[in-house]
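Chain letters run A, B, ... following the sequence lines, proteins first and then strands; every chain starts at 1.
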Number of protein chains: 2
Amino acid sequence: MDTSSRNNLGEVIRQQRVMTSLTLQELSAKAGVSASHLGRIERGERFPSARILRRIAQPLGFEENELFTLAGYLSAHPLSVGEESPPYRGRRVDPYVATVLSREPVSVQRAVVGILTILKSIAEISAKE
Amino acid sequence: MDTSSRNNLGEVIRQQRVMTSLTLQELSAKAGVSASHLGRIERGERFPSARILRRIAQPLGFEENELFTLAGYLSAHPLSVGEESPPYRGRRVDPYVATVLSREPVSVQRAVVGILTILKSIAEISAKE
DNA sequence: ATTATAATTCGCCAACTGGCAAATGTCAAT
DNA sequence: ATTGACATTTGCCAGTTGGCGAATTATAAT
């Protein structure tokens, strides 16, 4: 079995599903993929075909590209000419995070990152003593 | 059998191969895919998995994205020149917020929206009494 | 504790992918 | 026409995918 990049795909998908508070059955309904199959994918017993991967991308809040790259079906992007995001190396906004935030007005979004700043400075201070 | 978009994929691939004046065997060598399989793909008897499609893209001079879209594995990209992707309907994430968050690892980003969720439920509860 | 109910996992299996080797087709040179 | 050298197609089959229904496990609710 291929232990390379496909390896953690299941975990990632499960994480994302749980973060989105969907059950396997709900995701199954939204994606049009059997729940049993989804379960096996999540625990790494099956590797989803492109067809299946495509179906679950949007219900989970992934860009198709993103998920395909994650699955190792596309190589980590040269991406489009205009650049934009460095692919999956952290430095980007997680899709789940983005969906949650996008439901909030900008003022709330800013308040949230304000909290982040406060927490970081607290952490920094307490790390020093 | 699916007669939709996958239908002409084989033709397109064969055309492209001929245009590039490659034989099946040469393409086979470059792509690391058996010639017999390639032949069947070209005449529409088999539908290549993502793994296979990825391997033949570059020897044929395709962008992976392009070929995947052609195969119907990715939805046709509206794509973008200057614009970022419009994936999340409704409101979007404020650019300032996005840049701040994108400097943090995903785990931190998620923790942050976790806090948001908590605050909202607190607000909801206290609004009820 | 005891049901009731929803969620997940398992067993089974039809359908499909993709490689190998053999068969067939193509074409130039003799 | 025949041979030889490649190119393509076919037969076969092991390995996977993915759906369905049953069995099991988690979660409430009384």
- Query: Rounded to the nearest Å, what distance is computed from the CG atom of residue B/L38 to the P atom of nucleotide C/dG19?
  - Reply: 8 Å
- Message: Ignoring hydrogens and geometry beyond distance, is the side chain of B/S49 in donor-acceptor contact with the base of C/dC16 at under 3.5 Å?
- Response: no
- Item | Integer-rounded Å distance: D/dT9 C1' and B/R17 CZ | 12 Å
- Message: Taking atom types as they are modelled, would you say the side chain of A/R51 forms a donor-acceptor pair with the base of D/dG18 within the 3.5 Å cutoff?
- Response: no
- According to a strict under-4.0 Å criterion, is A/R55 in side-chain N/O contact with OP1 or OP2 of D/dG18? no
- Query: For A/L27 and C/dT9, what is the distance between atoms CG and P respectively, to the nearest whole Å?
  - Reply: 13 Å
- If you find the nucleotide of DNA chain D closest to B/S36 and the one closest to A/H37, which residue's nucleotide is nearer the 5' end? B/S36
- For B/R40 and B/E45, indicate whether the former's side chain and the latter's backbone hold a donor-acceptor pair under 3.5 Å. no
- Task: Determine whether more than 12 heavy atoms belonging to other residues, nucleotides or ligands lie under 6.0 Å from atom CD of A/E26.
- Result: yes
- Rounded to the nearest angstrom, tell me the gap between atom CZ in A/R40 and atom C1' in D/dA23. 13 Å
- Item | Within-4.5 Å side-chain heavy-atom neighbours: B/Q16 and B/F62 | yes
- Item | Sidechain-backbone polar pair: A/S28 side chain, A/V33 backbone, donor-acceptor under 3.5 Å | yes
- Query: Can you tell me how far CD of B/E42 sits from CG of B/L24, rounded to the nearest 0.5 angstrom?
  - Reply: 5.0 Å
- Query: Contact class for B/T23 vs. all strands (heavy atom < 4.0 Å): base, sugar-phosphate, or nothing?
  - Reply: sugar-phosphate
Between protein and nucleic acid, restricted to nucleotides 23-25 of chain C and to nitrogen or oxygen atoms under 3.5 Å apart, what atom pairs and distances do you find?
none

- Are OP1 or OP2 of D/dT9 and a side-chain N or O of B/R43 less than 4.0 angstrom apart? yes
- So, the side chain of A/E64 versus the backbone of A/R54: is there a donor-acceptor pair under 3.5 Å, distance only? no
- Message: Between P on D/dG11 and CZ on B/R46, what's the gap in Å once rounded to a whole number?
- Response: 11 Å
- Query: With sugar-phosphate meaning primed atoms plus P, OP1 and OP2, does A/I41 contact a base, only sugar-phosphate, or nothing at under 4.0 Å between heavy atoms?
  - Reply: nothing
- Hey, is the side chain of B/R14 poking within less than 4.0 Å of OP1 or OP2 on D/dT9, counting only N and O atoms? yes
- Which nucleotide in D/dT10, D/dC6, C/dT8 has an atom nearest any side-chain atom of A/L24: C/dT8
- To the nearest angstrom, the CD-P distance between A/Q25 and C/dA7 comes to 5 Å
- Message: Output the rounded distance in Å from CD (A/E45) to C1' (D/dT17).
- Response: 13 Å
- Item | B/E42 CD to D/dT9 P, straight-line distance once rounded to whole Å | 8 Å
- Message: Quick check: do A/I115 and B/V112 have side-chain heavy atoms less than 4.5 Å from each other?
- Response: no
